[in-house]
Structures are given as structure tokens and as C-alpha cells.
Amino acid sequence: MEEIRVRIAPSPSGNLHIGTARTALFNYLYAKKTGGKFILRIEDTDAERTSQAYIDNIFDSLKALGLNWDEGPDVGGPYGPYTQSERFDIYPKYVQELLDKGFAYECFCTPEELEAEKEEATKNKKAYVYSKKCENLTEEEKAKLRAEGRKPAIRFSVEKAQKAFHDTPIVHFEDLVKGDLHQDTSLIGDFVIMKSNGSPTYNFAVVIDDMLMKINTVIRGEDHISNTFKQILIYEALGAEIPKFGHLGMILAPDRSKLSKRHGATAVSEFVERGYLTDALINFVALLGWSPSDGEEIKTVDEIAKDFRIHEVSSSNSIFEYDKLNWMNGQYIKKLELKDLAERLKPYLKKYDLNELTEEQYLHMVEITREPLTLLSDITDAVEYFFGEYPTIDKEVQETVLDTETSQTVLKEVLNRIDGWDFNNLHEILEEFRGYFKEQGIKPKLTMWAIRAAVTGRTRGADMCGILEILGKDKVKARIQKVVK
RNA sequence: GCCCCCAUCGUCUAGUGGCCUAGGACACCUCCCUUUCACGGAGGCGGCAGCGAUUCGAAUUCGCUUGGGGGUACCA
């Protein structure tokens with residue numbers, strides 16, 4: 001069988017979008033599954049919106065997600081260049097070929113004329129289709145228009161291509177995920193393939209690039225379905241082999257609209273900044289439209305690749321909900337080695353002076369605070385009381401815990417005993433201490449609450465023994481003294 | 001407006017005419033564990049959009065309706 005060649009072709013007009021990441025993933029999975037090649041092509045035709053920062057972001061994000069490409073702008077490959085703006089000189093040749101074969105023609109219409117046609121169509125409740133008024137211009141007419149200073153755009157003759165290669169105007173193709181798809185090509189206007197400024201349009205450039213890069217399978221979002229029919233006609237007109245297409249459902253926001261900034265993060269890098277692990281992100285996004293055959297949802301990309309079948313991908317849209325992503329991120333955090341986690345948490349601890357702790361204490365702190373983490377960034381708030389002399393005490397904690405007679409009794413007793421406590425043996429000491437008060441009718445829970453509130457300013461948090469150990473006797477004593485009346 | 005796509009718990013999904021009294025995961029609720037929060041464990045709530053048709057039999061096939069999404073550019 002022919003080697004599968006798939007690609008992801010992001011447009012660097014923004015940071016790598018989570019939806020693009022999913023498309024990239026499915027391409028990657030298909031390549032891995034079939035032993036094919038995964039290619040990265042940067043579609044920076046629109047110079048206005050392109051920036052190097054976005055290109056870097058796309059590279060970095062894809063790498064962070066583990067979606068490494070076999071051919072691309074940085075690593076090269078046999079069919080480069082892989083950046084569209086560097087390919088501008090190769091398009092005219094194919095435009096000329098289409099012109100010569102009669103599948104394309106020059107169009108001198110002005111934007112105003114085109115606009116008028118569209119308005120007319122809207123008024124008549126008809127689909128707008130270009131009038132083709134430039135299709136049969138004589139050489140004299142063209143020369144005259146050119147003399148006026150008008151520069152032509154090149155349009156593709158949909159009807160001619162259709163008639164040359166299809167019996168009916170209804171063009172079909174077998175989509176890898178959606179099955180038979182069709183479209184009445186008489187409803188497609190003669191679209192521009194080369195703008196009057198000489199740059200190719202998207203629909204033309206992709207075909208040329210995919211053709212030249214020998215891309216034989218195109219997996220992309222279903223927003224491209226309508227483009228597919230245009231592209232098929234171009235392939236045929238060029239006498240090129242038509243690739244297989246697979247269209248994925250879109251990812252929607254919870255309100256079923258397009259995922260955008262107002263719904264929160266959209267770029268992979270934003271998710272990372274917010275404390276998501278790329279492993280969790282990619283795993284989550286794989287589950288949008290695909291499900292594992294063994295029901296085990298936590299999987300690496302490689303494991304997913306083994307189990308991946310493009311035909312089994314769901315053809316409907318899916319909604320991006322944070323609940324499951326958060327849960328999954330928590331699962332991935334749990335799986336991290338302590339030292340690895342400790343390193344990854346550092347960016348979220350910049351507001352604290354980590355020098356207050358030894359490396360050993362730092363690791364210990366992470367060890368006892370890691371359990372409830374859903375996001376790496378949750379650590380920021382979770383460890384606040386480990387830093388500084390005294391913790392900030394919540395008003396409610398002060399009133400409901402520290403101000404009670406029971407708490408004061410407990411804390412005074414701690415101060416009575418603390419000098420004799422061996423902080424290396426806190427577990428037993430606290431056990432005994434709780435027992436002492438339990439005999440007096442004070443619940444262990446209340447005993448611990450009093451200490452916790454005094455030392456951390458909170459009623460909830462990490463394991464008490466660990467907290468006291470890390471803080472050390474002096475600090476613990478000082479903090480308790482401060483709240484005892 | 002026109003064209004196309006899609007439709008199973010709140011969400012992601014399993015399901016390809018009888019194994020379905022529709023399964024799982026997340027979320028939610030209850031209980032257990034417990035020095036708190038959490039983790040973990042055990043339960044629970046909850047769905048085939050509607051209507052017709054085909055069939056002995058339909059979540060599964062067909063049609064219509066409704067709903068959602070996409071496209072409709074000299075953007076990509």
C-alpha cells in the first residue's frame with residue numbers, strides 16, 4: 001500500500017488553537033497508525049495577519065503536545081519549502097496550465113460590480129453565483145480593459161471542469177469519516193484562484209501544495225467540506241490524483257457557538273499557562289470524537305495511535321467542557337514523579353520566596369499539597385501559609401474557630417507542651433495529643449482544627465503533621481502564640 | 001435566503017435490526033474512609049429530539065419536522 005502522507009497546515013494568524021491541535025492530533029494518529037508521514041506546512045499567505053511569534057508558538061505547542069512532524073519548515077523534507085510564502089513562484093505555472101487547458105479565465109470585474117451581483121442574488125433569494133461575464137471576453141476586450149489599467153484575477157471555470165470529468169453537476173466523494181458527500185456544482189460560482197495582485201487564493205494554493213507534497217489523505221475540520229468540491233475539480237483539471245478526505249466535526253463552546261476567547265482559553269499555550277499539562281490536553285481532545293476500544297480513557301498519544309481508526313471517529317460536533325479536562329489533568333498530575341511535579345510547579349510559585357525552604361522541605365511541601373491539585377496553578381493558593389512569618393487569617397476562621405473557648409484551650413495546651421515535642425515524631429505526638437482532649441470530650445477534629453487554624457489561617461489544607469514539620473517548631477510556636485489570647 | 005453536515009444521559013461517548021430493562025467516563029447527589037479539604041471505595045440520579053414508514057421485532061433502516069453547526073469572499 002502507498003505510504004500515507006497527511007499534513008497539518010495552520011495559518012499563523014494566532015497562537016495554535018486547541019481545535020487546530022485536535023486536527024493535528026488526528027492527522028498524527030492516522031500517520032502513526034499506518035506508518036505514514038505527518039507533515040507541517042505553514043500557510044502564511046496572508047502577510048497582514050502573519051507574525052513570527054505565532055509561527056514560533058505553533059511550533060512550540062505542537063512539540064509540547066508530542067505531535068512531532070516528519071517534514072516541515074524547520075526540518076525540511078523532499079517536497080519543500082514548507083512555508084507557503086516561500087512558494088509563491090510555483091503557483092503561476094499551474095495557473096497558466098489551467099488557463100491553457102481552458103479551465104480558467106481572466107476576470108476584470110471590479111469589487112463594485114461583484115458586490116452588485118451579490119445584492120441582486122440576495123434580493124431574489126437566490127444563491128449567489130458569479131455571472132461569468134468575463135468568461136468569454138475577446139482578446140480585444142481584454143486588451144482594452146488592460147489598457148484602462150485593470151489587472152485581472154484568474155477564475156476557475158467550474159462548469160467546464162465539471163463537464164469534463166463528471167456526468168452530472170452533482171459531484172460526490174467518499175469522506176473517510178462522514179461517508180458519501182455531495183454537492184451541486186452549478187451552485188458553486190467560478191471562484192478566483194489567483195488574485196489580481198498575483199497571490200493565489202487558499203483553495204488553489206492548498207491543492208497545489210498538497211499535490212506537490214504528495215499529500216494523499218487530508219484530515220481537517222468540517223468547515224472545509226464545501227471547499228472540498230472546488231478542490232476536487234482543480235485536482236481533476238490538473239490531471240492530479242485526488243487525495244482521500246476526512247472531515248472532523250468541530251469543537252464548540254458550551255453555548256454551542258464557536259470556541260472563542262470569551263469562553264476562556266483557546267490557544268494551547270494559554271491552557272499551559274493556566275496549569276494544564278499537555279499530556280492531559282491532548283488526551284482529552286482525542287476523546288472528543290474518538291473513543292478507546294477498551295474503555296480505558298487515560299492514554300498516551302502512542303497508545304491511542306495503536307487503537308485509532310479514522311472511520312470510527314464521530315462525525316458530529318462536540319462541546320468543549322472543562323469538567324472532564326480538569327479531572328483528567330488531575331489524574332495526570334497524580335501520575336507525575338514528585339521531583340518532576342516539584343519542578344513544574346515552580347512557575348506558579350513566583351510570588352513566594354522559595355529560599356525560605358530547603359530543597360528537602362520544598363519537596364515535602366509539594367508531596368503533602370499535591371493531592372487535590374486539578375491545575376498546576378492551584379498550587380499558588382494551596383501553599384500560601386508555608387511562606388512568611390504569619391499566615392493571613394480569614395475573618396470567618398478567626399470567629400468560628402480561633403475565638404472559641406475550645407480552640408483557645410487546645411492552643412494553650414500546645415504551648416504548654418511544644419517545647420518538649422520532638423518534631424521528627426509528630427505523628428505519634430499529635431495522636432496522643434488528640435487522645436488527651438478526646439478524653440475531655442473534645443473531638444479530635446476540633447483539636448486539629450484549632451491547630452490548623454492557628455498555624456495556617458485556614459480550616460482546610462494539607463496533612464497537619466507535614467505542615468508542622470516543614471514550618472518547624474519556632475514558626476509554629478510563634479504563630480500559635482500570636483493567636484492565643 | 002440558498003447549499004451542505006450533524007442529532008443517544010447536562011457533557012464526551014459505546015451501540016451498525018433481536019445480546020438494550022440502552023453500557024462507560026466526567027459532572028451532580030448519598031454513604032463509607034478520615035485530623036480538614038481532597039484522594040480513594042460503594043451506590044444513586046439521568047438519555048435514544050418529535051412524528052410517520054419498513055419489519056415478527058428499531059437507538060440502529062427510510063421520509064418528514066424540529067433543533068444545532070458549517071459554508072456561501074480577489075480570508076484562510
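Below, chains carry the letters A, B, ... as their sequence lines are ordered, and counting in each starts from 1.
Atom P of nucleotide C3(B) and atom CG of Leu181(A) are separated by 16 Å, given to the nearest angstrom. Atoms CG (Leu187(A)) and C1' (C2(B)) sit 7 Å apart, rounded to a whole Å. Going from atom CG of Leu281(A) over to atom C1' of C26(B) covers 16 Å, rounded to whole Å. The distance between atom CG of Leu288(A) and atom C1' of A25(B), rounded to the nearest whole Å, is 13 Å. Rounded to whole angstrom, the span from the CG atom of Asp175(A) across to the C1' atom of C6(B) amounts to 13 Å. To the nearest angstrom, C1' of G68(B) lies 17 Å from CD1 of Ile251(A). Taking atom CD on Glu312(A) and atom C1' on U13(B), their separation rounds to 13 Å, with Å as the unit. One can place CG of Asp180(A) at 15 Å from C1' of C6(B), the figure rounded to the nearest angstrom.
Pairing of C51(B), defined by two Watson-Crick or G-U wobble distances under 3.5 Å, is identified with G63(B). Across all strands shown, nothing is found opposite C33(B) as a Watson-Crick or G-U wobble partner with both distances under 3.5 Å. Shown here, G1(B) forms a base pair with U72(B); the pair counts as Watson-Crick or G-U wobble because both key distances fall under 3.5 Å. Pair assignment for A25(B) gives U11(B), based on Watson-Crick or G-U wobble hydrogen-bonding distances that are each under 3.5 Å. Base pairing annotation: C19(B) forms no Watson-Crick or G-U wobble pair, as no partner gives both donor-acceptor distances under 3.5 Å.
The shortest side-chain heavy-atom distance between Ile42(A) and Pro10(A) falls under the 4.5 Å cut-off. Counting heavy atoms from C-beta outward, Arg155(A) and Ile193(A) have side chains that stay 4.5 Å or more apart. Using a 4.5 Å cut-off on side-chain heavy atoms (C-beta onward), Val410(A) and Glu413(A) make no contact.
When heavy atoms are screened at a 4.0 angstrom cut-off, Gly289(A) is found touching the sugar-phosphate backbone but no base atom. Residue contacts for His247(A): at a heavy-atom cut-off of 4.0 Å it reaches no nucleic acid atom on any strand shown. Within 4.0 Å (heavy atoms only), Lys125(A) reaches sugar-phosphate atoms of the nucleic acid but no base atom.
Salt-bridge check for Asp381(A) with Arg458(A): passed, with a basic side-chain N closer than 4.0 Å to an acidic carboxylate O. Using a cut-off of 4.0 Å between Lys/Arg side-chain N and Asp/Glu carboxylate O, Asp255(A) and Arg262(A) are scored as salt-bridged. Taking 4.0 Å as the cut-off between side-chain N and carboxylate O, Glu159(A) and Lys132(A) count as a salt-bridged pair.
Comparing the same atom, P, in G41(B) and in C26(B) gives a spacing of 9 Å after rounding to whole Å. Using atom C1' as the reference point in both U54(B) and C62(B), the two lie 7 Å apart (nearest Å). Rounded to the nearest Å, the gap between the P atom of C6(B) and that of U61(B) is 12 Å. Distance noted for atom P between A49(B) and G10(B): 11 Å (whole Å). Comparing the P positions of U60(B) and A7(B) gives an interatomic distance of 12 Å, to the nearest angstrom. Annotation: G71(B) and A76(B) have their P atoms spaced 14 Å apart (nearest Å). Taking atom P in both G69(B) and U11(B), one finds a spacing of 14 Å when rounded to whole Å. Straight-line distance between the C1' atoms of C29(B) and U13(B): roughly 22 Å, to the nearest whole Å.
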Validation: residues 391-402 of chain A side-chain donor-acceptor distances under 3.5 Å, sequence neighbours left out:
from: Asp394(A); atom 1: OD2; to: Glu396(A); atom 2: N; distance (Å): 3.3
from: Gln398(A); atom 1: NE2; to: Asp403(A); atom 2: OD1; distance (Å): 2.8
from: Thr400(A); atom 1: OG1; to: Glu396(A); atom 2: O; distance (Å): 2.7

* Structure fact -> Expected string for nucleotides 32-45 of chain B under the B/S/- scheme (protein heavy atoms, under 4.0 Å, primed atoms plus P, OP1, OP2 as sugar-phosphate) is ---BBBBSS-----

* If a protein heavy atom is under 4.0 Å from the base, mark B; if only from the sugar-phosphate, S; if neither, -; do that for nucleotides 69-76 of chain B going 5' to 3'. => SSS-SBSB

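Ile368(A) contributes atom CD1, which lies 4.0 Å from atom CZ of Phe386(A) (distance to the nearest 0.5 angstrom).
Comparing C5(B), C6(B), A25(B) against the side chain of Ser316(A) picks out C6(B) as the nearest. Across C4(B), C12(B), U11(B), the shortest atom-to-atom separation from the side chain of Glu321(A) is found for U11(B).
Panel note: side chain Asn57(A), backbone Gly14(A); no donor-acceptor pair is recorded below 3.5 Å. In this structure a side-chain-to-backbone donor-acceptor pair under 3.5 Å is present from Arg370(A) to Lys334(A).
Classified by interplanar angle (parallel below 30°, tilted 30° to 60°, perpendicular above 60°), the ring pair Phe59(A)/Trp69(A) is tilted.
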